[in-house]
Amino acid sequence: MNQLRHNVIRAGLEALYFSGAHRLLQPLFAGVGTIFMLHHVRPPRGDAFQPNRHLEITPDFLRATLRHVRARGMDIVDLDEMHRRLRERDFRRRFACFTFDDGYRDNRDFALPVMREFAAPFTVYVTSDFACGNGRLWWVALERLIARAERIETTIGGEVVRLDCQDAAAKSIAFATLHDLLRAVPGPEITHLLAELCRRHGVDDGAIARELCLSWQELQNFAADPLVTIGAHTLTHCNLATCTPETARHEMAASRGAIEAKLNKPAAHLAYPYGDKNAATAREFALARKLGFKTAVTTRPGMLFTESANHLTALPRLSLNGNYQSTRLLPVLTSGAATAVWNGFRRVDAA
Ligand SMILES: [Zn+2]
């Protein structure tokens with residue numbers, strides 16, 4: 001089912017490319033700038049089962065993207081400069097920002113060298129618990145345990161869920177089903193459910209954050225690089241919209257405080273975990289503003305327009321999705337055509 005969805009999206013992007021429609025839409029929908037959203041940057045993995053593949057691109061595709069952005073004459077700027085341009089309505093030149101969520105070690109090992117080739121600044125949004133080594137990247141744990149399991153049985157929200165995991169197709173369905181069910185339950189319950197499943201299927205979920213994410217100590221060196229900005233991504237990587245107002249405030253404010261205390265750098269920018277309409281709502285946008293974040297980004301797809309200056313804590317991004325790593329599609333993405341179609345040709349969606 002997921003594969004079908006990918007194929008439909010890819011076909012849509014290809015149709016925009018071959019029809020040339022993206023060129024017609026560009027003047028209206030390319031906007032004043034773009035915030036690219038990335039997660040992992042690393043060489044391709046050999047694993048047969050990779051349901052999280054959309055969260056990783058290769059260093060080569062990052063390089064191709066940077067080359068494309070530069071060839072289009074766009075400035076690559078950091079988030080403080082983006083904030084200035086939006087506030088001062090300085091739109092003489094189109095700009096791009098590069099942002100990486102979660103704080104993965106491959107951002108240092110594979111992304112940083114490529115960003116240096118272009119002298120391109122970028123931001124990494126750090127989740128405090130991942131940097132401490134005790135957070136839970138449950139979507140990675142889920143991938144690993146389904147890869148090993150023949151069948152899975154669990155109880156979510158009082159319902160018994162039994163899933164076959166014997167072959168690749170069954171594993172894909174099992175992942176999609178559990179991923180959707182888990183996204184709907186509160187954070188502590190996800191952790192509890194996954195811990196139990198991991199224990200049963202021999203996956204060490206407690207080790208995943210240390211394996212994949214930069215520790216605070218590593219972040220100290222990384223953050224000292226003049227190209228790097230560190231942003232906040234909450235304490236526990238929770239769905240903020242499902243938290244009480246007090247918890248949501250604490251998750252945002254204390255994650256900024258932790259970065260400032262551990263790295264001795266201001267953390268003026270925020271990314272909402274999951275960041276879609278179910279995880280980042282008007283309440284969170286207002287809270288981020290009230291807490292004094294200069295900008296906050298969602299995962300809603302979109303380009304930046306002059307109006308975005310009125311919604312600095314509800315900014316959309318353009319995902320560099322590992323399932324569509326084709327240089328041919330880059331002009332479609334940066335034309336704004338793909339996100340315009342996605343958004344029904346509305347320019348700003350910040351409600
Ligand atoms: Zn995240």
Side-chain angles (χ1 to χ4, degrees), residues 6 9-10 13-14 16-17 22-23 26 30-31 33-47 50 52-79 81-82 93-126 212-214 218-219 221-231 269 271 297 299 301-304 316-339:
H6 293 322
I9 295 172
R10 176 181 288 277
L13 292 169
E14 299 264 357
L16 286 166
Y17 175 79
H22 66 287
R23 264 181 246 118
Q26 181 165 330
T34 304
I35 308 172
F36 286 100
M37 171 174 71
L38 301 88
H39 291 80
H40 294 279
V41 176
R42 59 189 177 190
R45 289 183 290 153
D47 312 56
Q50 296 189 41
N52 287 309
R53 187 165 174 260
H54 60 289
L55 298 176
E56 62 184 274
I57 64 163
T58 64
D60 281 346
F61 188 62
L62 176 59
R63 187 177 291 109
T65 306
L66 286 157
R67 203 175 283 137
H68 170 76
V69 166
R70 278 276 157 81
R72 296 199 75 120
M74 294 170 80
D75 294 340
I76 301 174
V77 301
D78 65 18
L79 291 182
E81 173 64 9
M82 173 193 77
R93 291 175 58 83
R94 279 188 74 209
F95 58 86
C97 301
F98 283 79
T99 62
F100 299 71
D101 289 10
D102 303 335
Y104 296 113
R105 188 173 291 114
D106 55 47
N107 294 175
R108 178 196 69 187
D109 297 343
F110 294 104
L112 177 59
V114 177
M115 301 307 283
R116 275 193 186 133
E117 289 171 29
F118 294 82
F122 62 104
T123 295
V124 173
Y125 294 108
V126 167
L212 296 179
C213 297
L214 291 159
E218 290 171 313
L219 281 164
N221 283 331
F222 183 61
D225 192 291
L227 292 178
V228 174
T229 298
I230 302 293
H269 306 277
V297 293
T299 61
M303 314 299 272
L304 301 178
R317 290 189 284 176
L318 185 61
S319 170
L320 285 181
N321 183 315
N323 288 313
Y324 317 112
Q325 297 186 64
S326 157
T327 48
R328 211 167 62 189
L329 299 178
L330 284 170
V332 177
L333 288 179
T334 55
S335 71
T339 44

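Sequence positions, counted from 1, serve as the residue numbers for this chain.
- Judged purely by atom type and a 3.5 angstrom limit, Asp101 has no side-chain atom pairing as donor or acceptor with the backbone of Tyr125.
- No side-chain donor-acceptor contact under 3.5 Å links Arg317 to the backbone of Phe36.
- Qualifying side chain to side chain donor-acceptor pair (under 3.5 Å) partners for His68, counting only residues two or more places apart in sequence or in other chains: Thr334.
- Of all heavy-atom pairs between Arg105 and Cys213, the closest is NH2-O, 2.9 Å.
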Leu330 and Arg328: CA distance, side-chain angles, deciding distance, side chain to side chain contact (heavy atoms under 4.5 Å, CB included) verdict: CA-CA 6 Å; Leu330 284 170; Arg328 211 167 62 189; over 6 Å; no

Pair Glu56, Asp106 - check side chain to side chain contact (heavy atoms under 4.5 Å, CB included), show working. CA-CA 10 Å; Glu56 62 184 274; Asp106 55 47; over 6 Å; no

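- To the nearest 0.5 Å, the span separating OG on Ser326 from OH on Tyr324 amounts to 12.0 Å.
- Between His40 and the options Phe100, Phe110, Phe61, Tyr104, a ring pair (Phe, Tyr, Trp, His ring centres under 6.0 Å) holds for only Tyr104.
- Rounded to the nearest 0.5 angstrom, Leu38 CG and Leu62 CG are separated by 6.5 Å.
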Working note: Met82 + Leu79, criterion side chain to side chain contact (heavy atoms under 4.5 Å, CB included); need CA distance, chi angles, decisive distance, verdict. CA-CA 5 Å; Met82 173 193 77; Leu79 291 182; 3.8 Å; yes

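- Contact check for Val41 versus Val114: no side-chain heavy atoms found under the 4.5 Å cut-off.
- The distance from the CG atom of Leu227 to the OG1 atom of Thr123 is 11.0 Å, given to the nearest 0.5 Å.
- Applying the salt bridge (charged side-chain N to carboxylate O under 4.0 Å, His left out) criterion to Arg63, with sequence neighbours excluded, gives Asp60, Glu117.
- For the atom pair Asn107 CG and His39 NE2, the distance stands at 10.0 Å (nearest 0.5 Å).
- The backbone N or O of Leu214 lies less than 3.5 Å from no partner atom in the side chain of Arg108, so there is not a single donor-acceptor pair.
- Summarising the geometry, atom CD belonging to Gln50 is positioned 11.0 Å from atom CG belonging to Leu55; distances are rounded to the nearest 0.5 Å.
- With Gln325 contributing its side chain and Thr58 its backbone, the two residues share a donor-acceptor pair below 3.5 Å.
- Listed by chain and residue number, nothing satisfies the side chain to side chain donor-acceptor pair (under 3.5 Å) test with Asp109 (two or more places apart in sequence, or in another chain).
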Leu212/Arg42 under side chain to side chain contact (heavy atoms under 4.5 Å, CB included): CA gap, chis, key distance, verdict: CA-CA 11 Å; Leu212 296 179; Arg42 59 189 177 190; 4.0 Å; yes

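- Taken to the nearest 0.5 Å, the CG atom of Leu304 stands 6.5 Å off from the OG1 atom of Thr34.
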